[in-house]
Amino acid sequence: MNQDAWGELREELKDTVGGNNYTNWIEPLEFVRLENGVATFFVPTHFMGDWVLRNFGDRILQASASVGFPVTRLRFTVPRVARPAPAARPRPTAQIAISDDLDLPGAPLDARFTFDRFVVGKPNELAHAAARRVAEGGEVTFNPLFLYGGVGLGKTHLMHAIAHELRSRSPELKVVYLSAEQFMYRFIQALRDKQMMDFKQLFRSVDVLMVDDVQFIAGKESTQEEFFHTFNALVDQNKQIIISADRAPGEIKDLEDRIKSRLQSGLVVDLHPTDYELRLGILQQKTEQQRGQHGNIPMANGVLEFLAHRISTNVRVLEGALMRLFAFASLVGKEITLDLTQDCLADILREADRKVTIEEIQRKVSEHYNIRLSDLIGPRRVRNIARPRQVAMWLAKRLTTRSLPEIGRRFGGRDHTTVMHGVRKIEELKAQDSQIAEDLELLRRALEA
Ligand code: ADP
Ligand code: MG
């Protein structure tokens, strides 16, 4: 990307974020460079970078692809200018950018990602318990710990929490946290600078290695190779390894089988999509934190319940919504009411409302099973078509609010009893056939993403 493309991208964003947001948050960004998929911007303050990342990050990434310069990550940095002393000490905000300090193998930890601040509910209790166990240190019981789940469900939070805990319990331990992407860049850099010995030594000397978003190295052969060796060397020394990914090891495409099986050899735990209670719990906790920042802004009853009900995507979105709400209310000095909430969060609520359609389900299912859409809806009854059709019916029943007769109509005018039979059949198979269960989970995730 160059300045021109950034200009074009900004124009796109103007339409999607709205005039006010554009002037307040997008216009002040100063594009610096795009390198290895990472777009760097100067921002006036850390707070602003954090805000833009949380509220507009996804949209900037999307828009970047549409102007032909796909960006995979955003980095906001406050330019270092000579300040007249004594400068006010900036409030310790979260670190949002990757460290420039290339001698340290790890990335900085977000100070907010602690166990204290992690709300536990049914969907994440197992992952939380496993993370706690590893954070206690002591004897290595499962190696590696593999955490997986969709975006924004708390994988990075849990990993940082483990690192914080380990560092405070045992400061002598060398705990290294980094993303798989950073691992790759370091590896490439070491190759280029002919410092592979140093690289190997560095990574083999750590006590606890945490690699986030390991799906990133899928398809990157030499990085995988090096990762595999690092992994084995550490396991041999009985050093703890913690890995995260957006899906189960077996589902990561273009990852070597020996790595998959290595990743599966410890404990694999899943962070499930949030449920209403967990979302409400998280909102309550974050409200306390916002009050700490913005003072005691009054909030009408039912606002949190409304948000927990309406925003069912990931926690990051939920958090961003609450932050914006408090920032807005404190700016205009008003109570947070339902009306104000609906006004202030109109775009997020609209987005969250995007419902899965039967067409999408049919398309995804036929892609998944590699059959024609016309066959899926058509009259043929051979097993390799009838089964996917039942899967699609089951998904339509689960993910949409359509009635059985309506679903029947959309599947080539079938009777509602046929749909009911199909849904029951899949329900039954789901409990017996792990392949079907996996297919359903995969499809559901893809559709709800
Ligand atoms: P992931 O790495 O799975 O994409 P993150 O760990 O980055 O997700 O979480 C996204 C945001 O949501 C973070 O700000 C994190 O603090 C917050 N979050 C996720 N789960 C929880 C939870 N259970 N309790 C409190 N905050 C959470
Ligand atoms: Mg993450």
Side-chain angles (χ1 to χ4, degrees), residues 47 49-55 57-58 61 72-75 93-98 106-132 135 145-165 177-183 210-217 242-248 252 268-290 292-293 304 307-308 311-324 326 348 445 448-449:
F47 172 76
D50 204 13
W51 180 276
V52 173
L53 190 67
R54 278 161 186 278
N55 288 285
D58 289 346
L61 296 187
T72 51
R73 208 178 45 211
L74 302 170
R75 181 170 175 271
T93 49
Q95 287 147 320
I96 54 167
I98 305 311
L109 299 176
D110 190 316
R112 296 164 307 180
F113 290 178
T114 57
F115 281 118
D116 279 355
R117 288 179 167 224
F118 191 82
V119 181
V120 184
K122 223 168 170 16
N124 60 22
E125 64 180 340
L126 229 59
H128 173 258
R132 275 275 187 200
L145 169 61
F146 188 98
L147 298 168
Y148 77 94
V151 282
L153 296 181
K155 300 181 294 294
T156 299
H157 189 137
L158 277 180
M159 288 182 106
H160 286 207
I162 296 172
H164 284 305
E165 185 79 16
Y177 164 89
L178 81 176
S179 67
E181 194 180 2
Q182 286 165 300
F183 181 86
M210 315 174 109
V211 181
D212 207 349
D213 289 318
V214 81
Q215 75 277 356
F216 182 83
I217 62 166
I242 302 149
I243 307 282
S244 88
D246 64 354
R247 62 200 75 183
I252 305 177
V268 177
V269 277
D270 182 357
L271 284 143
H272 295 273
T274 58
D275 58 15
Y276 174 81
E277 282 104 76
L278 177 59
R279 290 195 293 274
L280 191 60
I282 291 173
L283 282 167
Q284 280 161 348
Q285 192 220 47
K286 308 255 173 202
T287 298
E288 292 297 306
Q289 286 156 14
Q290 290 294 324
Q293 258 182 35
L304 295 185
L307 290 176
I311 305 178
S312 57
T313 45
N314 68 52
V315 182
R316 199 172 292 133
V317 175
L318 207 60
E319 222 177 16
L322 200 68
M323 258 178 76
R324 192 199 293 179
F326 270 93
I348 295 179
R445 278 199 189 171
E448 285 181 338

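One-based numbering, in listed order, for ligands and for the atoms of each. Everything numeric here is computed off the predicted structure, so don't read it as measured data. This chain uses plain numbering: 1 for the first residue, then up along the sequence.
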Tell me: protein heavy atom nearest [atom], and distance?
{"atom": "atom 8 (O) of ligand 1", "answer": "G154 N, 3.2 Å"}
{"atom": "atom 15 (C) of ligand 1", "answer": "H157 ND1, 3.3 Å"}
{"atom": "atom 18 (N) of ligand 1", "answer": "V315 CG1, 3.3 Å"}
{"atom": "atom 26 (N) of ligand 1", "answer": "K286 NZ, 3.0 Å"}
{"atom": "atom 11 (C) of ligand 1", "answer": "E319 OE1, 3.4 Å"}
{"atom": "atom 25 (C) of ligand 1", "answer": "R117 O, 3.1 Å"}
{"atom": "atom 24 (N) of ligand 1", "answer": "V119 N, 2.8 Å"}

- Message: Out of all atoms in ligand 1, which are within 4.0 Å of some heavy atom of N124? Include the element for each.
- Response: 23 (N)
- Note on the structure: Note: ligand 1 atoms sitting under 4.0 Å from heavy atoms of V151 are 4 (O)
- Apply ring pair (Phe, Tyr, Trp, His ring centres under 6.0 Å) to F113 and H164, showing your working. CA-CA 8 Å; F113 290 178; H164 284 305; 8.4 Å; no
- G149: heavy atom below 4.0 Å from ligand 1, yes or no? no
- Message: Could you check whether any heavy atom of R112 sits closer than 4.0 Å to an atom of ligand 1, since that is the contact criterion I want to use?
- Response: no
- Message: Please check: side-chain N/O of K155 versus main-chain N/O of L147, any donor-acceptor pairing under 3.5 Å?
- Response: no
- Is the backbone N or O of R117 less than 3.5 Å from a side-chain atom of R112, with the two atoms forming a donor-acceptor pair by type? no
- Is D213 salt-bridged to R73, going by a charged N under 4.0 Å from an acidic O? no
- Pair K122 + E277: basic N to acidic O under 4.0 Å: no
- Query: When you check the side-chain N and O atoms of S244 and D212, is any donor under 3.5 Å from an acceptor?
  - Reply: yes
- Note on the structure: Contacts of F115 meeting ring-ring contact (aromatic ring centres under 6.0 Å, His included) (sequence neighbours excluded), chain-then-number -> H128
- Task: Using side-chain contact (heavy atoms from CB on, under 4.5 Å) as the criterion, point out the one residue from V269, L158, I243, V268 that pairs with L145.
- Result: V269
Polar contacts were defined as any N/O atom of the residue lying under 3.5 Å from an N/O atom of the ligand; does this apply to [X] and ligand 1?
{"X": "L153", "value": "yes"}
{"X": "G152", "value": "yes"}
{"X": "R316", "value": "yes"}

- Would one find an N, O or S atom of T156, in either backbone or side chain, under 2.8 Å from the Mg ion (ligand 2)? yes
- Can you label the angle between the F146 ring and the Y148 ring as parallel, tilted or perpendicular, going by 30° and 60°? tilted
- Item | Shortest non-hydrogen separation from L304 to L322 and the atoms involved | CD2-CD1, 4.0 Å
- Task: Mind checking whether I282 contacts ligand 1 via backbone (N, CA, C, O), side chain (CB onward), both or neither, at a 4.0 Å heavy-atom cut-off?
- Result: side chain
